[in-house]
Chemist: 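Take a look at the following structure, please.
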Amino acid sequence: MSQLFQEAIIISILASTIRIMTPLLFSAMGELITQRAGIWNMGVEGTMLTGAFAAYLVATLTGSLWLAVLAAIVAGALMGLVIAFMTATLRVDHFIAGLGLNLLAGGLTLYWFQSYIQGRAQPIFSGFQDVDIPLLSDIPVIGPVLFSQRALTYVALLVVPVVWFLLYRSRYGLELRCLGENPKALDVKGLSVSARQYLAVMLGSAMTGLGGGFLMLGFSDRFLADFTAGRGWIVIVALIAGNWRPRGVLIAVTAFAFLESLATHLQVVGAQVPHQLLLALPYLASIGLLMGLRFRSGQPARLGIPYARE
Amino acid sequence: MTGSPERAAAADPDKLNIAVILSAGIESAWDGTLIEALERAKVAKPHGLDITWKYTDPLWGDDAGDAMRLFAESGEYDVIWAHSTYSDQVKKLREEFPDILFVVVGSGNEGLGGNQYWVYKRVHEPAYLLGYAAGKLTKSNRLGAVGTFPADDVNDEINAFFAGAKAANPAVERTVAFIESWYDPAKAGEYTKAQIATGADLIFQLTGNFKPCEEAKILCFGNFQDQKSFSPSTVLSSAVAQWDPDVSWIVDEWWAHKAEGKSYQGNTDKRWFAMKDGGSAVVPNADLQANVPAAVQTDLDALKARIMAGSFEVPVDVSDPKAK
Amino acid sequence: MSTALRVEGLTKRFAGVTANDDVDFDLRRGEIHCLFGENGAGKSTLSSCIFGFYRPDKGEILLRDQPVQIASPMDAIRHGIGMVHQHFVLVPEFTVLENIIVGTQRSGWRLNAAEARQKLRGICDGYGIDLDLDAYVWELPVGRQQWVEILKALYLDAQILILDEPTAVLTPGESKVLFDIVRKMCARGMSIILITHKLVEVMQSDRVTVLRKGRVVATLDTPATTPDELARLMVGRDVSFTVTKPELAPGETILAVEGLSARGFWGDAVLKDVSFSVAQHEILGIAGVAGNGQKELFEVLCGVRRPAAGSIRFKGEEVAGMSPRAMMDRGVGHIPDDRFREGLVPEFSVAENVVLGWQRSPKYCNGPLMDREAITGLAREMIGEYQITTRDEHVSAGKLSGGNAQKIIIAREFLHASGLVLANQPTRGLDVGVIEYVQTQLLKKRAEGFAIVLASEELSDLFSLADRIAVMFKGEIMGIVDPRKVTVAEVGVMMAGRRGDIAASKERVSA
Amino acid sequence: MIVFERRMEANALWTLSSFIMAIVAGLAASAVLIASTGANVPDVFGALLQGSVGSPKALATTLVKATPLILTGLATVIAFRAQIWSIGQEGQVFAGAMGGYLGAQLLAGLPPLLFFPGVLALGMAAGMGLGWIAAVLRNRFAVNEIISTVMLNYLVVYLLSWLLQGGPWGETGGTISYHQSPMLPDTAFLPALFGSSRLHAGVLLPFLAAAICALVMSRTPLGYEIRGLGYNPEALRHKGVDIARTVSVIMMASAALAALAGAIELFGVSHRLRADNLIGLGYAGIIVGMIGGLSPIGTVFAGLFFGGLASGAVYMRVLGDVPASLVPAMQGITLFFFLCAGVLARYRIVMKVAVQ
Ligand SMILES: Nc1ncnc2c1ncn2[C@@H]1O[C@H](COP(=O)(O)OP(=O)(O)OP(=O)(O)O)[C@@H](O)[C@H]1O
Ligand SMILES: Nc1ncnc2c1ncn2[C@@H]1O[C@H](COP(=O)(O)OP(=O)(O)OP(=O)(O)O)[C@@H](O)[C@H]1O
Ligand SMILES: [Mg+2]
Ligand SMILES: [Mg+2]
């Protein structure tokens, strides 16, 4: 156990935290945009899964990782299109639309995957490698933790301030937040609520899909059934725990990833407790942390309520 | 085998049709290696039989039972090979279809006997050899193993791996991790990286994710199938399951029943084929041979020879492996 | 005077209701034109059609005698039509400025606030509106939120402004300011459509159009008509504006409140050392500008909010801190000010709402099941007794007009209360016919021996109903006065924070 | 421009026919998918039909498969009608099986008339424990129930894993270490109905539960409060309903139903405690409950439909030669058409032409 405090392990815990959190961060920021626009998209898991599958397919077919990134984004946006159609046009209950999307994505990706490999050996690809940022990556501790990561990791970390800027400093962001708080306020100014919701959900889902794609391209070399393994739910939890604010979500995702990384290292250094307990640690600790927190809810007032004029 | 069809009596069967219930999917090592063994049997034509088969996607519980029943009722299948823990389902069917030979595989099964045969797979001997090599090659004296779930036929390998390592190098320390998930490459990667961070410089990888080894530029070992193609630059060697003796055992038993009229005599206790019987093997990666000093290779060869000759028995230890 | 806007033969149907039936209407340049009519007469619908928010099924709209196509609010705004909706269309989480500019910027992707700020300064200075543009809307009292709505329309350069019941949430003082500003707008050539239920306000307009059940009954020049005539046109019968309150000697004290205080969400004091008492046959009026602690006072009294200190004695028993359930069981009835949020479950039927809170009472249950017959029977009885206009008792309460919804609450509370009724703004937003009805019911209960605490922003209500008036300011009682001995102006001064005569209350508490 | 105009009254005939159209459209879309892999569409559908309703045995399988789905669906109905967004059905199913297994140890030897009610009740109690935790977290600590229930799902899965692997309940002996408990004794198998080997008595419980739920929702004060809580909790609070208590009752009742599903799976189907036959029942139940329009009766039909698909899946795989993953894909596709049909039933689609 004392090993845990050695420098190499501390660096490893922190670096692992960053690796675990970055795919989640893309998806969480995407879901943040979606939910701030008033759409309660429960289909994060399905969107991430589809993004991951699209990335796998394109990576193995073309060998180009950046094309695969694009594919994950497009696949995510398409899932967003489905959600937007269901919620903004058909005004279906947001929960069921999202849960239905998960079901559909789980089935379709597996079906296409099986059709794709058809009994032959599964094609694999070689994913993204770490990029050492010159000079910075040589700084002790911080260097290997922060400046020796996948290229997309840096993008993910940049996405937080970008989303913040988009939401709070851009004209579009003001309208987007207005969708979540009171879409009628836009409607009475003659702006189309549903067009903006489509845009927001597709943008958000594209980022969510990218999160899945990054998970695939950065940390795996193959697709498997249920590849995302419940990370979509963690994203939703992080969004609520982060109180629908970019910084809050960043903190929530980081805290969760840190706990998971810590539990990983505890198991590896041989803590003498059942490994299941260590695996459960992030979930237990998250509940504990949230019990201690209390804040004025930042949940958008009209989140999950289909908007209709008459 | 030429000529055997003529010699066979008119009543002798010339076809064997197998229904396979998969448990994880053709892309997994567990199921994939079985299909590969069947391919080889098809070419080898034991007893002059044309072997054909049909497999399902992963099915579990009653679904698997239903599929078996459908196969059985169709009357087209002689052997139903249920490739994991399915004895609960076989129990409900085997008396109704006494002519069909049922196969269940691996841990968690119950030895029912009669027309249920229980195939077991132990890859601990190759794992021991890999461990022995690892013990010799490690510089940090620290080795890692990453598994999915602990189970009887996973623990035996991990324990044998470390037993081999200890035999080669008593100073070896071990680190073990289970991710509690069948498919989660990203999570498996983090566990591997964590082990590397604690100083492990050789990893026995049971979850198929070799990316962390590539990045850390360390060597590792593949499991259950030859995983060289997964990562040609890091997979030094793989402990490989070979189902060929199992398949031919089952084919023989079926033949004995069908052609010679003997009654099925399914095993009630685990039966596995050792390395010397071709049940498992070590498949080294020739491209990385340069990493193994000649002296080590000589030791390994000698050890392997003793195992093959039966003069050295690798102990089976199925207790839950822990880091030490 | 030229015509600014004309509506010809406009018809708008909702599922099952014809809200506007062949309406003709015209608005002259520079005039204030009132729309007047009962709750549900179709005033808001007509406005929404003009604003392009609803699409009429039939009819034509002409601007300066040119037919125009108004298919969406976008078209309306382009034609210089602005509307302040009956229920605020604001984002509480946004600042005033953000509320005004959201959706108005057409180019550039950064928010451009500086320009907007400047333009708004100009508008505010021009009309003498004083508003902090950087305050969050949720921080503003309701009255000030109304200015945000008006600024939204002015910011978009409205030439025709529709105001749908803007004064329902304003104090008399604020209403007066609003009228001054509206006059200024007219002087600058703007035309105003004003919807209000208050006859004093209607009488300040230039012309008035009376709607009844979706049809135009008459359009009159205001100076040539009288409130009585308008009221008659509106409901189709005579309405008496002055309810007669018989003199009754107060009986024993029902409710005695001593040193009551309470805290808000942020720990701020929302009630400070409030003391008063009410007796049988007595109506205690609570006067004050909305947001000065009336709501919190009622919440504490009915058990929804916990007091921080002080005592509440109900029929001699200490009840401070008891749950709403306990208060209800002791006979306290409560008519909340937000009827669709706190008083009713809009999705429930009228019958279900009549037993809301008493769903577990053995009176309405048959063993473990609710007794449908008893409940519908009761609902029918209430519909008859309180003249609730509804197809039947199965209609969901949310589909009723505000007045009829209020009658359900009154019926329910009067039925189950014994001794005390707390009524907060019971007549807000109601048409004069319904107001008369509610007032009559309150007086009936007073005669029966109930004690009543009645808060209203309409001083005229309080002067005609209350036996004593407590004036609240910033969570404190400024004084308790006898309406026969003070003037409206004197109470108005106290509402602004000047202490008055508390003697009346002291006397009663010690009695 | 196409707009949806709300209908005055949802027309029953139109509702029914739109749902039939949804099934047809869903199957048609699935047919395209099937054809795309080169399989024979009529064969596949034939197999599906045969496997779901084609024989008494197939019907029995459909019922057995529908049983946990209906129960978790009902759990969803109760919670969601009150706008309590519990995603905890998954973990509660596990808890139900675990509680039931514990019960089987404690109550072993009791006569069946006491044993089965006892073990099912213990299973439900275990689920209620989970529901209670989520309720306390919400009421006392203001932890959003989506968060708490998702987290509890993970915790329960790891708890079961420990109990079976390393903990006290794992099977030991000849076949040690396989993430399963030993087989229950024959006396702990739920009795079979009609002499079928599969149709256990537990299949009756979802229908009973649905009837009770329907009665509770529409006729009792509790149902009144559940619906009221979903529509307007503030009004309920003002009218003397103890919101925290009601939330606890609802979450525990919902959890009890989901847990019953797990217990029935244990005693009726798997006969030993293991995770893999429980996975996904809770999440599927959420979808079933929502397709059922959050009405108990609708949930029964939705559960039977999903049960039929699941039961036909094996036949489709074996006889129709298509990947079994086609079934979740078909479920998803059909769900989407159902949702569209729901909209059709409530709205009229009107082509609006600009009026001159
Ligand atoms: N969105 C809607 N859907 C269905 N019916 C509606 C809708 N809006 C209004 N109505 C109905 O149309 C009629 C007219 O309503 P409207 O809002 O125009 O009345 P109003 O005169 O503004 O009443 P109030 O004085 O209470 O504000 C009412 O019968 C009402 O029930
Ligand atoms: N979606 C709707 N369906 C049916 N009726 C509606 C709908 N929306 C509003 N109404 C009805 O339209 C009428 C007018 O609505 P409005 O918003 O003006 O409320 P109101 O009853 O006038 O409220 P207030 O108490 O403020 O006067 C009300 O009778 C209301 O019940
Ligand atoms: Mg109105
Ligand atoms: Mg009104």
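Reminder, nothing fancy here: chain letters follow the sequence lines and each chain counts from 1. Any value given below was found using the heavy atoms of this structure, including those in side chains, with hydrogens, waters and symmetry copies removed.
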Chemist: Tell me the closest heavy-atom pair linking C:F51 and A:V188, and the distance in Å.
Modeler: CZ-O, 3.2 Å

Chemist: What residue, out of C:V89, C:N112, C:L111, has the most heavy-atom pairs lying under 4.5 Å from chain A?
Modeler: C:L111

Chemist: Pick one of side chain, backbone, both or neither for A:L186, based on which atoms fall under 4.5 Å of a heavy atom in chain C.
Modeler: side chain

Chemist: Would you name the heavy atoms of C:Q105 and A:R171 that are closest together and state the gap between them?
Modeler: O-NH1, 3.1 Å

Chemist: Looking at A:L191 and C:G103, what are the two nearest heavy atoms and their distance?
Modeler: CD1-CA, 3.2 Å

Chemist: Step through the shown structure and confirm whether more than 12 heavy atoms of other residues, nucleotides or ligands are within 6.0 Å of NZ on C:K58.
Modeler: no

Chemist: How long is the gap from CD1 on C:I77 to NZ on A:K189, to the nearest 0.5 Å?
Modeler: 8.0 Å

Chemist: Does some side-chain heavy atom of C:E98 sit less than 4.5 Å from a side-chain heavy atom of A:R177?
Modeler: yes

Chemist: Please state whether the side chain, the backbone, both or neither of A:F165 comes within less than 4.5 Å of a heavy atom of chain C.
Modeler: side chain

Chemist: Please check if the side chain of A:N182 supplies one atom and the backbone of C:L90 the other of a donor-acceptor pair under 3.5 Å.
Modeler: yes

Chemist: Between A:C178 and C:V102, which heavy-atom pair has the shortest distance, and what is it?
Modeler: CB-CG2, 3.9 Å

Chemist: Do A:K184 and C:F88 come close enough that some side-chain heavy atom pair is under 4.5 Å?
Modeler: no

Chemist: Is A:R302 close to chain C through its backbone or its side chain, or both, or neither, when contacts mean heavy atoms under 4.5 Å?
Modeler: neither

Chemist: For atom OH of A:Y307, is the number of surrounding heavy atoms from other residues, nucleotides or ligands below 6.0 Å larger than 12?
Modeler: yes

Chemist: Can you tell me if C:W109 has over 12 outside heavy atoms packed within less than 6.0 Å of its CH2?
Modeler: no

